[in-house]
Amino acid sequence: MKIMSLAIKLLVVSTTVFSVATVQASEQITLGRTILLKIGDEGAKAPLILCRRADAIKIQAEKNVYLKRAIVTFKNGDKKTINFYRDLKGGAETDWRSFAYKRCVKNIEVFGNSERTKAGIKIFGRK
């Protein structure tokens with residue numbers, strides 16, 4: 001009886017430990033939120049108060065939007081331009097765009113146009 005209950009407890013503990021390890025490997029964090037205006041050549045800035053480490057980003061649109069590009073500024077001053085050039089329906093997300101290794105993201109500027117009104121944009125990072 002005691003061996004059976006010990007085996008069950010060991011099984012439960014091992015499955016929770018392994019499931020937590022897989023969730024943490026690809027944890028998604030919110031890097032910032034911003035609003036795209038109807039038409040404009042100026043980017044919508046999503047400044048980060050603290051530097052957030054991420055190895056990739058993806059963008060989610062809350063309304064229909066034409067997403068052109070995002071310029072990511074890192075802590076050391078380097079910039080990376082990520083081109084999207086695609087229509088996103090409300091609630092749709094882009095795919096993950098990698099930085100090649102974990103970098104400290106300081107600022108993100110998103111360029112695009114929203115249809116008829118302003119549209120909220122969420123920027124996610126992958127730890």
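Along the sequence shown, residues carry numbers from 1.
The shortest side-chain heavy-atom distance between Arg33 and Ile123 does not fall under the 4.5 Å cut-off. Counting heavy atoms from C-beta outward, Leu88 and Asn64 have side chains that stay 4.5 Å or more apart. Put simply, the side chain of Glu27 does not reach to within 4.5 Å of the side chain of Arg126, judged on heavy atoms. Side-chain contact between Leu36 and Asn113: absent, with no pair of heavy atoms (C-beta onward) separated by less than 4.5 Å. Side-chain contact between Ile57 and Leu31 is present, with heavy atoms from C-beta onward closer than 4.5 Å. At a threshold of 4.5 Å between non-hydrogen side-chain atoms, the residues Trp96 and Gln28 count as touching. In this structure the side chain of Lys75 never reaches within 4.5 angstrom of the side chain of Arg103, judged on heavy atoms.
To the nearest 0.5 Å, atoms OG (Ser98) and NZ (Lys80) are separated by 7.5 Å. Note that CG of Leu37 is 7.5 Å distant from NZ of Lys118, once rounded to the nearest 0.5 Å. Considering SG of Cys51 and CG of Asn76, their distance stands at 9.0 Å, rounded to 0.5 Å. Atom-to-atom distance recorded for Thr30:OG1 and Lys122:NZ is 7.0 Å, nearest 0.5 angstrom.
A donor-acceptor distance shorter than 3.5 angstrom exists from the side chain of Thr94 to the backbone of Ile59, with no hydrogens or angles considered. Within the 3.5 Å criterion, the main-chain N or O of Asn83 finds a donor-acceptor partner in the side chain of Arg97.
Listed here is the closest heavy atom pair of Ser114 and Ala119: CB-CB, 3.7 Å. For the residue pair Ile71 and Thr81, the shortest heavy atom distance occurs at CG1-OG1, 3.8 Å. Minimum heavy-atom separation, Ile35 to Ala44: O-CB, 3.3 Å.
For Arg53, there are no salt bridge (charged side-chain N to carboxylate O under 4.0 Å, His left out) partners, not counting sequence neighbours. Applying the salt bridge (charged side-chain N to carboxylate O under 4.0 Å, His left out) criterion to Glu109, with sequence neighbours excluded, gives no partner residue.
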Please assess Val105 against Phe74 for the test side chain to side chain contact (heavy atoms under 4.5 Å, CB included), listing each intermediate value before the final yes or no. CA-CA 5 Å; Val105 178; Phe74 302 106; 4.1 Å; yes
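Linking Ile, Leu, Val, Met, Phe, Trp and Tyr whenever their side-chain heavy atoms come within less than 4.5 Å puts Ile29 and Ile121 in one cluster. Clustering ILVMFWY residues whenever any of their side-chain heavy atoms sit less than 4.5 angstrom apart, transitively, puts Phe124 in a cluster other than the one holding Phe99. Both Leu48 and Ile82 belong to a common hydrophobic cluster when Ile, Leu, Val, Met, Phe, Trp and Tyr are linked at side-chain heavy-atom distances under 4.5 angstrom. Residues Val72 and Phe84 are members of one and the same hydrophobic cluster, defined by side-chain heavy-atom contacts under 4.5 angstrom among Ile, Leu, Val, Met, Phe, Trp and Tyr.
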